[in-house]
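Beneath this line is the structure, given in structure tokens, with notes to follow.
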Amino acid sequence: MIRRLFVVLAFLATAVLVSPAAPASARACTFGHECYTTFYSDPSHTTMVGSLHEDCQGEPTMVGSRSGFKTFQEYPCPQ
């Protein structure tokens, strides 16, 4: 009984360690703001692989692909 429990726990721990991470999502744009998220291929931010623009009406435009290496800029919309 204890041996089975140990085997199951070892299997679950291995599954958690081996499972791939989900791609990073962009930060949510605050209402009444225009936002730009730029995605890069690595932490040095030298090669851009995609971008996300959210206009003042909240409409997103995605070009390229997402990655875990990103910058985020947010600007208030004109009144």
Side-chain angles (χ1 to χ4, degrees):
M1 175 78 169
I2 292 177
R3 186 175 181 184
R4 281 188 200 161
L5 180 62
F6 178 73
V7 170
V8 170
L9 290 176
F11 175 76
L12 290 175
T14 303
V16 169
L17 293 174
V18 174
S19 63
S25 61
R27 181 178 146 194
C29 190
T30 306
F31 179 76
H33 287 74
E34 184 173 20
C35 299
Y36 297 92
T37 305
T38 306
F39 299 95
Y40 298 92
S41 63
D42 56 38
S44 65
H45 290 191
T46 53
T47 305
M48 186 178 96
V49 295
S51 65
L52 172 63
H53 171 250
E54 295 173 82
D55 64 19
C56 289
Q57 287 74 36
E59 293 294 322
T61 303
M62 180 74 196
V63 177
S65 60
R66 294 176 186 244
S67 75
F69 311 105
K70 61 190 173 198
T71 59
F72 181 81
Q73 298 171 322
E74 186 175 52
Y75 305 99
C77 295
Q79 297 297 324

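In this text the structure is predicted, and so the values were computed from the model without any measurement. Atom set for the values below is all heavy atoms of this structure, side chains included, hydrogens, waters and symmetry mates excluded.
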**OP:** Only one of Glu34, His53, Glu54 passes side chain to side chain contact (heavy atoms under 4.5 Å, CB included) with Cys29; say which it is.
**Re:** Glu54

Original post:
Minimum heavy-atom separation for Cys35 to Phe72, with atom names?
Top reply: SG-CZ, 3.7 Å

**OP:** Grab the two heavy atoms, one from Phe39 and one from Met62, that are nearest each other, plus how far apart they are.
**Re:** CE1-CE, 4.0 Å

**OP:** Kindly write out the residues that satisfy side-chain hydrogen bond (donor to acceptor under 3.5 Å, both in side chains) with Thr30, not counting sequence neighbours, or none if the list is empty.
**Re:** Glu74

Subject >> Sequence-distant partners of Thr47, side chain to side chain contact (heavy atoms under 4.5 Å, CB included), two or more places apart >> reply: Ser41

Subject >> Results of side chain to side chain contact (heavy atoms under 4.5 Å, CB included) for Phe31 - residues two or more places apart only >> reply: none

Original post:
Under the side chain to side chain contact (heavy atoms under 4.5 Å, CB included) test, which residues partner Thr71, sequence neighbours left out?
Top reply: Thr38, Tyr40, His45

Subject >> Listed once per pair and sorted, the disulfide bond (SG atoms under 2.5 Å apart) pairs that draw on residues 41-79, sequence neighbours left out >> reply: Cys56-Cys77

Original post:
If you link I, L, V, M, F, W and Y whenever their side-chain heavy atoms are under 4.5 Å apart, who else ends up in the same group as Tyr36?
Top reply: Tyr75

